[in-house]
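Contents: one structure, followed by commentary.
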Amino acid sequence: MPSPQPYPLDHGTVLAEVRKVRRAGVVRLRDIALPVLAEVARELPRGDGEVAAGPVERVLRLAVSRMGGGTLQTAAEYSLGLAQGTRDWPSADRRRRAAQVYGVSVERFRKHHEFMVLGQVAEQIVQVAEQYAGREQGQVAEQPLTRAVLPAVHRLLQVRLDRRTVPVTLHVHSVDLLRDIDVVVSPSNTYFALPAPYKSSVSATLRRAGARRDPTGGLVEDAIHDELGEWAARHGTRGRAASPGTVAVTSSGALTAQNVRRIYHVAVAVPRPETNDYEVQPSDITRGVTRVFALMAEESPECDPPLRSVCLPLLGAGRGGLTPLESFAALWAAVEAELARGADWDIHFVVRRHARADLLERLLTTAGEK
């Protein structure tokens, strides 16, 4: 029998089905096509989930129960009709009640908060699928997961170059969980305008993680956002586009507690006029990452200890429209050139999906083959 493999899910596909559920409500689950959620339900061991329910509803309830409580989980329960007494509520009533949880208008919730809430539900569903993929039906949830079902989230690879072998660390988790990294690279648009902190992108996640809050969760300082605005003002780019490949440097804000020391914001996303879309050119990624190494070399002598480690996400592989392979090829062109000349940087990559990590591992371990 072949070894079980992680369940190959795409967050966007799961999110599309979660949004279908939001419109229909759980009372009408049998009336809508949800092939991905149904497949996840088939992997869920019998007896898992909080209550007796249909298979897809069990997946939804399990995912929402893992969201950690608070307004996020409560809004998710109302949005999907999982809160007690809301199964048959019309979608407009469920959205109105979810908006009240955040204390905002229905329209603002629809445009801003709802995408975050449903995106987090989808995130939990993907994690549930990865946890249970390939497990035998009837295997209880408390049993230890096999190494194949839950792959390592930190992979240390040995990458061969022409004259030497260099270690490269591959992180498979959210960027805000990084620790002991001198420089984290963050994608930016050419205006260095950060997305709202509740978004799910790399730059939004870093902004949220770098913010300083009081003991009740109130925002005290939006550190990375404020410093990036100050950088733009000093360099005369506030309100106008910088050249693609430009790199802005800020501190890591509250992430200093995790020994993350710098955020290097690389302008790779060029907004398309009169749209919400961006265009990313691989050559701009290569140019930007080359500039990252140049700035690290400039800053390092002034730092104690000197800068040495840098972590790179797949720039442009989100709304920028590049495939993971295109993004990595553009990144690696700059990284390989830097390492080939003898630089001794400690290189890290970060992705959120094991499927992408598997792709990068294959590319990295064959990088030196002729």
Side-chain angles (χ1 to χ4, degrees), residues 11 15 18 22 50 60-86 89 93-128 153 171 173-181 184 186 188 192-231 250-263 265 350 352:
H11 180 273
L15 177 58
V18 171
R22 192 218 66 78
E50 293 184 324
L60 293 166
R61 287 189 179 277
L62 179 59
V64 171
S65 72
R66 294 158 59 119
M67 294 174 69
T71 54
L72 184 64
Q73 180 171 330
T74 302
E77 291 169 345
Y78 279 114
S79 294
L80 299 175
L82 299 175
Q84 185 174 3
T86 64
W89 282 17
D93 292 348
R94 287 185 275 108
R95 176 179 278 162
R96 184 178 301 109
R97 186 64 183 85
Q100 291 173 1
V101 172
Y102 278 98
V104 297
S105 68
V106 173
E107 185 65 10
R108 180 166 180 78
F109 180 82
R110 182 184 69 82
K111 290 183 176 180
H112 299 283
H113 300 72
E114 188 170 88
F115 184 81
M116 171 193 67
V117 171
L118 300 183
Q120 288 300 304
V121 175
E123 177 70 26
Q124 292 301 325
I125 290 171
V126 171
Q127 291 184 19
V128 167
V153 295
H171 302 259
H173 53 64
S174 179
V175 69
D176 56 333
L177 299 180
L178 290 169
R179 292 180 176 273
D180 303 318
I181 300 290
V184 175
S186 178
S188 175
F192 290 110
L194 289 178
Y198 54 78
K199 299 284 189 179
S200 61
S201 65
V202 168
S203 52
T205 300
L206 287 170
R207 175 183 179 179
R208 183 168 62 247
R212 294 186 171 90
R213 299 183 179 275
D214 63 27
T216 67
L219 181 65
V220 173
E221 182 185 22
D222 196 354
I224 295 174
H225 171 271
D226 296 345
E227 289 184 31
L228 192 56
E230 293 169 0
W231 185 96
T250 70
S251 78
S252 64
L255 282 169
T256 54
Q258 296 171 207
N259 202 26
V260 174
R261 300 168 64 190
R262 294 277 197 281
I263 307 294
H265 307 262
V350 60
R352 297 189 65 168

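All values below were derived from every heavy atom in this structure, side-chain atoms included, with hydrogens, water molecules and symmetry-related copies excluded. Because the structure is predicted, anything quoted here is derived from the model rather than measured.
In this structure a side-chain-to-backbone donor-acceptor pair under 3.5 Å is missing from Glu221 to Gly253. Panel note: side chain Arg95, backbone Arg110; no donor-acceptor pair is recorded below 3.5 Å. Side-chain N or O atoms of Ser252 include one that pairs as donor or acceptor with a backbone N or O of Val260 at under 3.5 Å. No donor-acceptor distance shorter than 3.5 angstrom exists from the side chain of Ser174 to the backbone of Leu177, with no hydrogens or angles considered. Proximity of a side-chain donor or acceptor of Arg108 to a complementary backbone N or O of Ala99 within less than 3.5 Å is not detected.
Annotation: side chain of Arg94 is not in contact with side chain of Ser79 (no heavy-atom distance under 4.5 Å). Counting only heavy atoms from C-beta outward, the side chains of Ile224 and His265 approach each other to under 4.5 Å. Contact check for Leu72 versus Met116: side-chain heavy atoms found under the 4.5 Å cut-off. Residues Pro195 and Arg207 fail the side-chain proximity criterion, which asks for heavy atoms closer than 4.5 Å. When side chains are defined from C-beta on, Thr86 does not count as touching Arg97, because their heavy atoms never get closer than 4.5 Å. In this structure, Leu178 and His173 have side chains that are in contact, with non-hydrogen atoms separated by less than 4.5 Å.
Atom-to-atom distance recorded for Arg261:CZ and Leu255:CG is 14.0 Å, nearest 0.5 angstrom. The CD atom of Glu77 sits 8.0 Å away from the CZ atom of Arg61 when rounded to the nearest 0.5 Å. The structure places CG of Asn259 at 9.0 Å from CD1 of Ile181, a figure rounded to the nearest 0.5 Å. Taking NZ of Lys199 as the reference point, atom CZ of Arg208 lies at 11.5 Å (rounded to 0.5 Å). Taken to the nearest 0.5 Å, the CD atom of Gln100 stands 12.5 Å off from the OG1 atom of Thr74. The CG atom of Leu219 sits 10.5 Å away from atom NE2 of His225, with the distance rounded to the nearest 0.5 Å.
Residue Tyr198 places its OH atom among more than 12 non-hydrogen atoms of other residues, nucleotides or ligands, all under 6.0 Å distant.
Each of Val121, Val117, Leu80 was evaluated against Arg22; a single residue qualifies, Leu80, per the side-chain contact (heavy atoms from CB on, under 4.5 Å) test.
Minimum heavy-atom separation, Ala209 to Asp176: CB-CB, 3.6 Å. Across all their heavy atoms, Ala257 and Arg179 have their closest contact at O-NH1, 4.3 Å.
Donor-acceptor pairing under 3.5 Å is recorded for the side chains of Glu123 and Gln127.
Applying the ring pair (Phe, Tyr, Trp, His ring centres under 6.0 Å) test to Tyr78 and every residue at least two apart in sequence or in another chain returns nothing. With sequence neighbours left out, Ser200 forms a side chain to side chain donor-acceptor pair (under 3.5 Å) with no residue at all.
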For this session: Output, in order, the C-alpha distance, side-chain angles, deciding distance and verdict of side chain to side chain contact (heavy atoms under 4.5 Å, CB included) for Ile125 and Leu60.
Result: CA-CA 7 Å; Ile125 290 171; Leu60 293 166; 4.0 Å; yes
